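Reviewing the structure listed below.
Predicted model, so just to flag it, every value in this text is computed and none were measured. Computation of the quantities below employed the complete heavy-atom set of this structure, encompassing side-chain atoms and omitting hydrogens, waters and symmetry-equivalent molecules.
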Amino acid sequence: MKRALNKTLYIIAYGFWYLVALLPFPVLYLLSDGLYLLMSRVVKYRHKVIWTNLKNSFPEKPDDELRQIEQGFYRWFCDYIVETLKLMTMSKMQLMKRMTFTGTEELNRVLSEGKSAAVYLGHLGNWEWITSLPYWVNNTLCCQLYHSLENEYFDRLFKFVRERQGALCIPMQESLRKIIQFGRNGKPLVVGYISDQAPFWWSIHHWVQFMNQETPVLTGAERIVKHTRQVFVYGDMTRTSRGHYNCEFRIIREETKGLPDYEITDLYFQELEKSIRHQPEIYLWSHNRWKRTRARFDEYFEVIDGKVRLREGKEMIY
């Protein structure tokens, strides 16, 4: 019964998504304008989280400027929603016009030498449109890591949309095995890592100073990059105008195998902070990024032999 219900919901969601995606951009942006008024003025979507994140990240800015950033965020976020829906039907020509890449010469040089590249990105701009990268690189398999959805039908739907341009989705739990497997075929890879999410408590092994706050970070991507000797590349995403983005590739470290622990992660967050400060309104401020603090971690957990364990007498927190 539950399986039949999920399948029915999948068909309805697919049909709705497809019909909306057929609308031209001017109509979609009218919908986005209406959604902006609803989310920012009526519902005030995650206002407390957004405002707290902005206040803590930019303590030097006056409230008037922070309110401008917040309203800019709502406008961009609503655009991001309709742009992502549009991805289901966008043509190669449309995507190459609206999602451009610079620095591809250096990226293609690395790939031509048989090396694979790790492209680090953040939840900045329209990261879904990055899946059009296969149009810009030569003779290369492009992949992105993602968290599988619990509902297999909706997971299949999102995978379909993200893989339309030829970039493959790799579930996080299969990442290292799949990357090694693809690498054995002798074809260089470009692997996209979005690594600015908040890790679970038991996955916290490193902290950085990020946006004026002590921040727990994911380090699994770094371990994969070093193990497979991928070239460390940062993708600096900017919005050049409404509905148009550019991603500039910068090679940060060409040799990664022998780098000190956490150097890649530290450098990534330094680059990401520069990007956010350049265009703060296009970062995902509604994500409760800093909900896990060092004080809370130290109170409930301890690290033994490199593994995070719950302290005796404490109950698990989430």
Determine, stepwise, if the pair Thr100 / Asn246 fulfils side chain to side chain donor-acceptor pair (under 3.5 Å).
CA-CA 5 Å; Thr100 58; Asn246 178 257; 2.9 Å; yes
Do the side chains of [X] and [Y] get close enough for a salt bridge, i.e. N-O under 4.0 angstrom?
| X | Y | result |
| --- | --- | --- |
| Arg177 | Glu174 | yes |
| Glu302 | Arg309 | no |
| Arg109 | Glu254 | yes |

Are the side chain of [X] and the backbone N or O of [Y] linked by a donor-acceptor pair below 3.5 Å?
| X | Y | value |
| --- | --- | --- |
| Arg162 | Glu128 | no |
| Thr215 | Gln213 | yes |
| Thr104 | Leu107 | no |
| Thr140 | Asn138 | yes |
| Glu222 | Tyr262 | yes |
| Arg292 | Pro199 | yes |
| Lys226 | Leu259 | yes |
| Asn212 | Asn56 | yes |
| Gln279 | Arg239 | yes |
| Ser40 | Lys44 | no |

Kindly compute the distance separating [atom1] ([X]) from [atom2] ([Y]), expressed to the nearest 0.5 Å.
| X | Y | atom1 | atom2 | value |
| --- | --- | --- | --- | --- |
| Leu168 | Phe182 | CG | CZ | 5.5 Å |
| Leu54 | Glu281 | CG | CD | 10.5 Å |
| Leu284 | Gln197 | CG | CD | 10.0 Å |
| His47 | Thr52 | NE2 | OG1 | 8.0 Å |
| Arg98 | Lys86 | CZ | NZ | 8.5 Å |

Ring-ring centroid check [X] [Y], cutoff 6.0 Å:
| X | Y | value |
| --- | --- | --- |
| Phe158 | Trp17 | yes |
| Phe58 | Trp285 | yes |
| Tyr120 | Phe232 | yes |

Minimum-distance pair of heavy atoms, taken over all atoms of [X] and [Y]:
| X | Y | result |
| --- | --- | --- |
| Leu95 | Ser132 | CD1-CB, 4.0 Å |
| Ile204 | Pro216 | CD1-CB, 3.7 Å |
| Ser286 | Ile50 | CA-CG1, 3.7 Å |
| Leu28 | Leu23 | CD1-O, 3.6 Å |
| Met211 | Glu273 | N-OE1, 2.8 Å |
| Thr131 | Gln144 | CG2-NE2, 3.7 Å |

When hydrophobic residues are tied together by side-chain contacts of less than 4.5 Å, even through go-betweens, does [X] share a cluster with [Y]?
| X | Y | answer |
| --- | --- | --- |
| Trp207 | Leu272 | no |
| Ile224 | Leu267 | yes |
| Val42 | Ile81 | yes |
| Val49 | Tyr74 | no |
| Tyr234 | Phe269 | yes |

For Glu65, the side-chain contact (heavy atoms from CB on, under 4.5 Å) test, sequence neighbours excluded, returns Lys61, Pro62
Check step by step if side chain to side chain donor-acceptor pair (under 3.5 Å) holds for Asp79 and Tyr36.
CA-CA 9 Å; Asp79 282 357; Tyr36 158 73; over 6 Å; no
Can you say whether the rings of [X] and [Y] are parallel (under 30°), tilted (30 to 60°) or perpendicular (over 60°)?
| X | Y | answer |
| --- | --- | --- |
| Phe249 | Phe101 | parallel |
| Trp76 | Phe73 | tilted |
| Phe301 | Trp201 | parallel |

Step by step, work out the side-chain contact (heavy atoms from CB on, under 4.5 Å) result for Ser32 and Arg242.
CA-CA 11 Å; Ser32 176; Arg242 192 177 197 183; 3.8 Å; yes
What do you reckon, is [atom1] of [X] surrounded by more than 12 foreign heavy atoms closer than 6.0 Å?
| X | atom1 | value |
| --- | --- | --- |
| Lys48 | NZ | no |
| Glu255 | CD | no |
| Arg156 | CZ | yes |
| Glu60 | CD | yes |
| Lys314 | NZ | yes |
| Met93 | CE | no |
| His227 | NE2 | no |

Asp305: salt bridge (Lys or Arg N to Asp or Glu O under 4.0 Å) partners, not counting sequence neighbours:
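Counting only residues at least two positions away or on another chain, Asp305 forms no salt bridge (Lys or Arg N to Asp or Glu O under 4.0 Å).
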Salt bridge (Lys or Arg N to Asp or Glu O under 4.0 Å) against Glu271, all qualifying residues, sequence neighbours excluded
Arg250, Lys274
Go through the steps to decide whether Met99 and Asn126 satisfy the test side-chain contact (heavy atoms from CB on, under 4.5 Å), and finish with yes or no.
CA-CA 9 Å; Met99 180 69 244; Asn126 194 321; 5.8 Å; no
Checking side-chain contact (heavy atoms from CB on, under 4.5 Å) for the pair Met88/Leu157: CA distance, chi angles, key distance, verdict?
CA-CA 10 Å; Met88 180 178 273; Leu157 176 58; 3.9 Å; yes
CA sep, side-chain torsions, deciding dist, call: His278, Ser275, side chain to side chain donor-acceptor pair (under 3.5 Å):
CA-CA 5 Å; His278 175 64; Ser275 299; over 6 Å; no
My understanding is that only one of Val225, Leu218, Leu121 makes a side chain to side chain contact (heavy atoms under 4.5 Å, CB included) with Tyr193; could you say which?
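Result for side chain to side chain contact (heavy atoms under 4.5 Å, CB included) with Tyr193: Val225.
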Quick one, Gln165 with Leu87, criterion side-chain contact (heavy atoms from CB on, under 4.5 Å). Give me CA distance, side-chain angles, the key distance, then yes/no.
CA-CA 10 Å; Gln165 325 309 323; Leu87 187 59; 4.0 Å; yes
Just do the side chain to side chain donor-acceptor pair (under 3.5 Å) check on Gln230 and Thr256 with the steps written out, would you?
CA-CA 7 Å; Gln230 295 174 19; Thr256 56; over 6 Å; no
